[in-house]
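The structure under discussion appears below in the form of structure tokens.
Heads up: numbering here begins at 1 and tracks the sequence.
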Amino acid sequence: MPAGASVEWGVARSYSVPDPYSLDATSLPEHVDVFRLADASMLLIANERLVGAVRRLELDGVVFKEL
């Protein structure tokens with residue numbers, strides 16, 4: 001999985017995100033597991049560690065989309 005995945009908490013929503021959407025890995029914060037982009041604040045970007053934890057704990061109500 002790439003450096004981040006978009007997360008939508010609660011009900012799945014339809015937001016327009018460019019396809020393909022890519023992030024420069026060197027510009028991503030290393031000290032947090034989830035953050036927002038300045039130009040797309042309705043999306044949360046999560047790193048692989050957070051995505052893995054949510055999946056291991058089988059939490060629901062979150063939709064991940066690979067970037």
Given side chains that start at C-beta, do those of [X] and [Y] come closer than 4.5 Å, heavy atoms only?
| X | Y | result |
| --- | --- | --- |
| Lys65 | Val63 | yes |
| Asn47 | Phe35 | no |
| Ile45 | Leu37 | yes |

- prompt: Can you tell me if CG on Asp24 sees more than 12 non-hydrogen neighbours from other groups inside 6.0 Å?
  reply: yes
query: Looking only at heavy atoms, what is the nearest atom pair of Val34 and Leu44, with distance?
result: CG2-CB, 3.9 Å
